[in-house]
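Below: the structure, in structure tokens.
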Amino acid sequence: MAHTDSRTMRRVLHREIAGTIGLLTDEHDFRAMRRYRTFTFADHATYLKQVESLLRTRALQGSHTTVALFDPEEYAEFCTQKGLDPDNASSRTRFTAQIAATGPTLPYDGRPLADLVPALVDEAIRQATWEYATTLLARLGACTSCGEDIGRAAFTRAAGLLVRILDTAPPGNRHLVCSVTGPPETLTAALHIADDGTALEVDESEALEFTTVLALGLATESPGGLVIRVSAADTPDRVYGWRMRGYGFEPLTAGEVFDAYCTDIESGDLISPESNVDYCAPPDLGEEKPAQGHQH
């Protein structure tokens, strides 16, 4: 009887343990891991099926599992730094524990792996974008005229602009996209906000990344823009936006918004406008409250 009780308690404790799986999302990364003798999977498709089966089994047992991106190059560097043998399962476990704490992860929620993988890749891109933009902001240092930290001042101003954009938007779910063009590449951030009629639901991580990219564009006075799409029941979607000019915004005309949405980016050819969508000029954001410190 005591032996049975012990096994029952272990099963209960097993459900209390959260786990993380480091996932090789593409064929290239999978082939890179095949060089290790202890990595025994022969092909990527079989590997993904086995991972999905394990995730489902753990979910049925009541266990919580997160999925993280496993990068073979980062793994090799990790093993070199820690003095570990990369051809060892325990080394892979230690690396997975680290990326679970510091890298992009998603909880397994029962969706097919084919849907989870793109979402995980998007999360990784989002985190990398935020880290890169944060680094660039930090490197700007202090203003030579007023001594204010340029990055911090720009972030404060970007947060204020975002609040004014949301306050002046019509009721409905909002989808915002901000892009900043500059060397060596264009940074893009998106923010999805749900409106249930009584309150707005905002993902704090998305909002932080979005504000950081917007702040970078303001601080560096780089070419860029911000577009918002508002969707509400029984009304056409409204699309409008601004271009970045100097240290601020310049409203896009309805025609400019229409041209942007109805032109193929790669070919430059015109494409048919969406039905039930109004391409319009943005509302007045009102007067910006004066702030202390860096304003130039």
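It should be emphasised that the depicted structure is a prediction, and the values quoted were computed from it without experimental measurement.
Ile21 places none of its side-chain heavy atoms less than 4.5 Å from the side chain of Thr96. Contact check for Pro86 versus Tyr75: side-chain heavy atoms found under the 4.5 Å cut-off. A heavy-atom distance below 4.5 Å is not found between the side chains of Leu54 and Thr65. Side-chain contact between Ile99 and Thr105: absent, with no pair of heavy atoms (C-beta onward) separated by less than 4.5 Å. Contact check for Val51 versus Tyr108: no side-chain heavy atoms found under the 4.5 Å cut-off. Taking the side chain as every heavy atom from C-beta outward, Asp284 and Thr168 never approach each other to under 4.5 Å. Residues Val227 and Val239 have side chains in contact (heavy-atom distance under 4.5 Å, counting atoms from C-beta outward).
Considering only residues two or more places apart in sequence or on other chains, Asp85 meets the side chain to side chain donor-acceptor pair (under 3.5 Å) condition with none of them. Judged as a salt bridge (Lys or Arg N to Asp or Glu O under 4.0 Å), and not counting sequence neighbours, Glu77 has no contacts. Looking at residues two or more places apart in sequence or on another chain, you find no salt bridge (Lys or Arg N to Asp or Glu O under 4.0 Å) involving Arg92. Take Thr80 and apply the side chain to side chain donor-acceptor pair (under 3.5 Å) test, not counting sequence neighbours, and it matches no residue. Residues passing the salt bridge (Lys or Arg N to Asp or Glu O under 4.0 Å) test with Asp259, sequence neighbours excluded: none. Partners of Arg35 according to the side chain to side chain donor-acceptor pair (under 3.5 Å) rule, which considers only residues two or more places apart in sequence or in another chain, do not exist here. Every residue two or more places apart in sequence or in another chain that forms a side chain to side chain contact (heavy atoms under 4.5 Å, CB included) with Asp167 is listed here: Val163.
In terms of modelled atom types and a separation under 3.5 Å, the side chain of Glu52 and the main chain of Leu113 share a donor-acceptor contact. Between the Arg152 side chain and the Ile150 main chain, no donor and acceptor come within less than 3.5 Å of each other. Judged purely by atom type and a 3.5 angstrom limit, Asn173 uses its side chain to pair as donor or acceptor with the backbone of Asp195. Put simply, the side chain of Arg58 gets close to the backbone of His64: a donor and an acceptor are under 3.5 Å apart. Proximity of a side-chain donor or acceptor of Asp237 to a complementary backbone N or O of Val277 within less than 3.5 Å is not detected.
For residues 186-231, every residue pair satisfying the ring pair (Phe, Tyr, Trp, His ring centres under 6.0 Å) rule, not counting sequence neighbours, is listed here: His175-His192. Contacts classified as salt bridge (Lys or Arg N to Asp or Glu O under 4.0 Å) and involving residues 36-49 (residues at least two apart or in different chains) are not found. Among residue pairs with one or both ends in residues 94-103, none qualify as salt bridge (Lys or Arg N to Asp or Glu O under 4.0 Å); sequence neighbours excluded. Pairs of residues two or more places apart, or lying in two chains, that qualify as salt bridge (Lys or Arg N to Asp or Glu O under 4.0 Å) and include a residue from residues 207-217 are Arg126-Glu209.
The number of heavy atoms from other shown groups lying within 6.0 Å of CD (Glu201) does not exceed 12. For Arg56, the CZ atom is loosely surrounded, since the number of other residues' heavy atoms within 6.0 Å does not exceed 12.
A tilted orientation is assigned to the rings of His44 and Phe30, their planes being inclined by 30° to 60°. Aromatic ring pairs are classed by plane angle as parallel below 30°, tilted from 30° to 60° and perpendicular above 60°; the pair Phe258 and Tyr279 is perpendicular. Between Phe41 and Tyr47, the two ring planes are perpendicular [angle over 60°; tilted spans 30° to 60°].
Through side-chain heavy atoms spaced under 4.5 Å, either directly or across other Ile, Leu, Val, Met, Phe, Trp or Tyr residues, Trp130 is tied to Phe155, Leu208.
Taking OG1 from Thr211 and CG from Leu162, the interatomic distance works out to 5.0 Å, rounded to the nearest 0.5 Å. Residue Phe249 holds its CZ atom at 5.0 Å from CE of Met244, rounded to the nearest 0.5 Å. From Trp242, atom CH2 reaches atom CG of Leu285 across 5.0 Å, with rounding to the nearest 0.5 Å. Interatomic distance, CD1 of Ile228 versus CD1 of Ile193, reported as 7.0 Å (0.5 Å rounding).
Counting only N and O atoms by type, the side chains of Glu123 and Gln127 include no donor and acceptor under 3.5 Å apart.
Linking Ile, Leu, Val, Met, Phe, Trp and Tyr whenever their side-chain heavy atoms come within less than 4.5 Å puts Val230 and Val202 in one cluster.
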